[in-house]
Amino acid sequence: MDTSCLRGPLLFALLILATRASTEITNSPGTNLWHLDAINECPITPNTTGLGVTVYLVDTGCRTDHYEFVDADIENFVLPDFKPQFEDTLGSGTHMASMIVGKDVGFAKNVKVRCIRVYDEEGKSTEKELIDGIRIAQTMHLEDTSATIPVLLMTSVPKEQREVVNWECYDEQLGALTMKETCVDPWREYSGFNPYCEQDITNCRNRLDRAMEDAFTSGFHVITSAGNNGGDACDFSPSRVEFGLKFGSFDQNGQVWSSSNTGPCIDVFAPGVGVTGAWNSGKSAYIHDREKTSTAAALGTAVVAKILEANPTLTTENLRQALDAAAKTEDDGKLFLNIPCVPTPTPEPTPTPEPTPSPAPTASPAPTAAPAPPTAAPVPPTAAPAPPTAAPAPPTA
């Protein structure tokens with residue numbers, strides 16, 4: 001019997017079993033919460049807990065009845081195609097949410113978390129479903145009357161789980177945007193000829209990147225994970241977006257995880273290997289050996305929320321500068337969120353408008369001097385008196 005056709009499925013099954021066998025799940029968080037120690041060597045901002053910040057977590061949904069969320073403000077929303085399965089069936093969203101608001105394992109316990117499930121039970125999602133998740137986050141924020149600061153937390157899209165990707169492409173002849181459907185896209189946007197798809201995507205932009213940019217321009221801080229491909233984060237969506245904060249993973253020994261994407265598109269590395277967090281398999285289930293950049297992004301989100309509570313007017317660029325200033329720089333230039341002490345960032349001052357100068361008063365004309373009075377005419381000199389008349393001559397003798 002030829003068993004060669006079974007080799008692929010068999011190896012895949014063995015890989016799944018090996019992955020599950022290495023996963024340590026218990027009913028207690030234990031005591032090795034090194035991720036909190038790593039980012040809490042000095043209080044980020046004294047007495048802050050993320051109050052006033054809402055995180056919209058676009059991932060697998062959350063198990064909201066877990067012990068870690070007993071005091072948390074956390075809700076689930078599921079795309080209509082996935083109903084009535086509201087809860088997390090994969091564990092990723094539950095673990096990430098616990099990094100933020102978990103009673104024992106979280107770092108910013110007063111953040112509001114809104115879990116938006118965009119993955120099915122097999123962990124697959126389409127581009128449309130991911131974009132729908134972002135749109136739902138925007139709608140939920142518009143309907144939120146509490147005026148909290150919105151943060152969009154996006155996880156990386158697994159390369160093997162992507163399907164068709166649509167691009168918005170500028171057609172020079174038409175002078176307008178057109179749609180182009182391509183194969184799976186692991187390449188950088190605006191990259192010209194895509195060797196993976198054997199298609200030209202010059203002047204094109206990925207629609208998922210565009211949807212995240214729409215959220216950013218509408219007021220969201222966008223945070224993404226680096227991705228777990230062991231490559232250049234600039235080659236993957238969403239970690240390549242320039243307007244977001246991107247987090248890679250390091251382990252308890254301060255080493256970058258080998259599968260974490262790296263490169264210039266990553267802002268900072270945070271704990272993401274062997275991190276204890278809540279799991280979806282039970283109300284008190286914990287996983288202790290999870291290795292994902294999404295964990296690092298969740299912890300980075302908690303740090304950002306604490307900073308925003310104290311400084312709600314900060315821009316994303318302000319936050320990037322604060323994280324850069326606080327992180328520990330390694331010899332190779334990588335920044336680690338192993339915070340000795342994060343200074344309180346100063347928001348960019350709002351420029352004071354120049355006062356409009358008042359018009360100068362019109363000068364009153366100088367008074368015309370009164371003409372000098374006319375000089376009196378000189379008095380004519382008095383005529384000299386006439387000389388005396390000569391005496392008459394004496395008579396002749």
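Both backbone and side-chain heavy atoms feed into the values below; hydrogens, waters and symmetry mates do not. All figures in this text were calculated on a predicted structure; none of them were measured in a lab.
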Would a distance-only check, ignoring hydrogens and angles, find a side-chain to backbone donor-acceptor pair under 3.5 Å from [X] to [Y]?
| X | Y | value |
| --- | --- | --- |
| Lys306 | Thr48 | yes |
| Glu87 | Thr64 | yes |
| Arg320 | Gly244 | yes |
| Ser260 | Ser249 | yes |
| Lys112 | Val53 | no |
| Asp267 | Lys246 | yes |

Answer yes if the side chains of [X] and [Y] hold a donor-acceptor pair under 3.5 Å, and no otherwise.
| X | Y | answer |
| --- | --- | --- |
| His288 | Thr26 | yes |
| Thr155 | Lys292 | no |
| Asn228 | Thr293 | yes |

Mutual orientation of the aromatic rings belonging to Phe216 and Phe243 [parallel < 30°, tilted 30-60°, perpendicular > 60°]: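 Correct class here is parallel.
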In chain order, what residues pass the salt bridge (Lys or Arg N to Asp or Glu O under 4.0 Å) check against Asp73, with sequence neighbours excluded?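 If we apply the salt bridge (Lys or Arg N to Asp or Glu O under 4.0 Å) test to Asp73, skipping adjacent residues, the hits are Arg114.
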Suppose the criterion is salt bridge (charged side-chain N to carboxylate O under 4.0 Å, His left out): which pairs have a residue in residues 90-100, not counting sequence neighbours?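 Residue pairs with at least one partner in residues 90-100: there are none.
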